[in-house]
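Structure, as structure tokens:
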Amino acid sequence: MFNEERHLKHPIRWGLVGGGRGSEIGYAHRAAAARDRLFTFVAGAMDVDPERCRDFGVNLGLAPSRCYPDYKTMFSAEVRRDDGIQAVSIATPNATHYEIAKAALEANLHVICEKPVTFNVSEAEELKALAEEKNRMFAVMYGYTGHQMIHQAREMIKRGDIGDIRVVNMQFAHGFHNIEVEKHNPGAKWRMNPEVSGPSFILGDCGTHAFYLAGLITGLKVKSLMCSRQSFVASRAPLEDNAHVVFNFEGGAVGTLWASAINAGSMHQQKIRIVGEKASLEWWDEYPNQLRLRSSGGTCPDSGAGYELSLQREPGDRCKPYWRGSR
Ligand SMILES: NC(=O)c1ccc[n+]([C@@H]2O[C@H](COP(=O)([O-])OP(=O)(O)OC[C@H]3O[C@@H](n4cnc5c(N)ncnc54)[C@H](O)[C@@H]3O)[C@@H](O)[C@H]2O)c1
């Protein structure tokens with residue numbers, strides 16, 4: 001594990017496309033890159049407005065000459081430098097991911113790309129093949145996978161703590177767009193435009209996170225699915241602001257995903273619940289350092305009754321189990 005003492009001798013020289021002043025996700029990329037001194041932020045094409053990019057970049061400590069008006073100029077200038085960027089994050093609206101990621105790989109850069117990675121599978125597969133050909137890393141920003149409890153859950157399932165998986169419930173159902181906020185919010189407006197957002201709003205924007213997490217934890221592969229999508233704010237049609245997906249997984253497990261932007265009164269409500277034959281596991285991103293293992297009876301080590309075991313992360317990265325509920 002990296003920490004501030006055990007850092008890279010030569011931090012990776014890193015650039016950012018998109019994520020300019022006032023953007024939603026730009027700060028998360030810069031803050032994550034600055035942690036533990038693994039990356040040095042040296043160049044950016046962060047904004048559709050070149051002047052704003054330059055002003056913002058200089059305020060963030062970039063050399064004025066490395067605040068670029070667009071990504072093409074940035075890649076071609078940076079490849080000519082001995083100290084040019086080695087990796088780039090792409091934090092622009094969805095429609096641009098494919099072309100920027102392709103150009104970055106062609107410039108021999110490692111790529112960290114925002115989700116949803118592309119509009120369709122064939123574009124994503126093309127990028128995967130290009131990354132392999134160029135021997136470059138291609139990462140997609142499923143940031144919640146950094147939570148330790150996600151990996152704890154994966155290990156518990158692998159070693160059989162809950163038995164064979166029967167049901168997987170996934171949800172990412174926030175309430176921030178229960179009214180037409182896009183009228184006044186440019187960051188929300190493009191998300192409702194199929195040309196920029198892609199064929200989906202909330203499934204691609206948020207449902208993808210819960211789906212990816214559940215896949216990482218369980219390893220299950222989808223066999224078939226059906227989906228019901230709605231635009232409760234009518235002006236968003238044909239894009240959905242609420243959806244339910246029902247899955248059949250290979251091996252017999254089943255699942256559901258609720259993705260919503262109109263869950264009024266809710267923050268994230270990203271939850272994963274996995275029901276096995278012996279017990280269930282549950283994780284909620286509003287309490288990310290906790291994982292709940294529950295059984296309805298019979299397997300509690302010292303009483304034989306139903307139990308609830310919460311695993312909590314402690315300083316020092318250890319998991320501390322504690323008993324609660326009926327024993
Ligand atoms: N992983 C996550 O949890 C998460 C969270 C939020 C957003 N996102 C993703 O991040 C991406 C950006 O979302 P956002 O909410 O920050 O958008 P935003 O509208 O808030 O910001 C977009 C930024 O990109 C800049 N930009 C747009 N086109 C550009 C181009 N061609 N070249 C350079 N800069 C350009 C804009 O000027 C702006 O600074 C989206 O794909 C979104 O799905 C991911």
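Model, not experiment: these values are computed from the prediction. Remember, it's 1-based here, ligands and their atoms both numbered in the order they're listed. Just so you know, residue 1 is the first one in the sequence shown, and it goes up from there.
- Looking at S235 and E180, their side chains do bring a donor and an acceptor atom within 3.5 Å of each other.
- For the residue pair E123 / H97, no side-chain donor-acceptor distance below 3.5 Å is found, with atom types taken as modelled.
- Judged by distance alone, the side chains of S260 and N263 never bring a donor and an acceptor atom under 3.5 Å apart.
- In summary, the aromatic rings of H177 and F201 are positioned with their centroids under 6.0 Å apart.
- Ring centroids of F172 and Y212 are separated by 6.0 Å or more, keeping the two rings apart.
- Protein residues having at least one heavy atom under 4.0 Å from any atom of ligand 1 are V17, G18, G19, G20, S23, E24, I25, A45, M46, D47, V48, A91, T92, P93, N94, H97, E114, K115, P116, M141, G187, W190, R191, D205, H209, listed by chain and number.
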Would you sort out whether K128 and E132 count as a salt bridge (Lys or Arg N to Asp or Glu O under 4.0 Å), showing the intermediate values? CA-CA 6 Å; K128 180 170 181 277; E132 283 165 1; 3.3 Å; yes
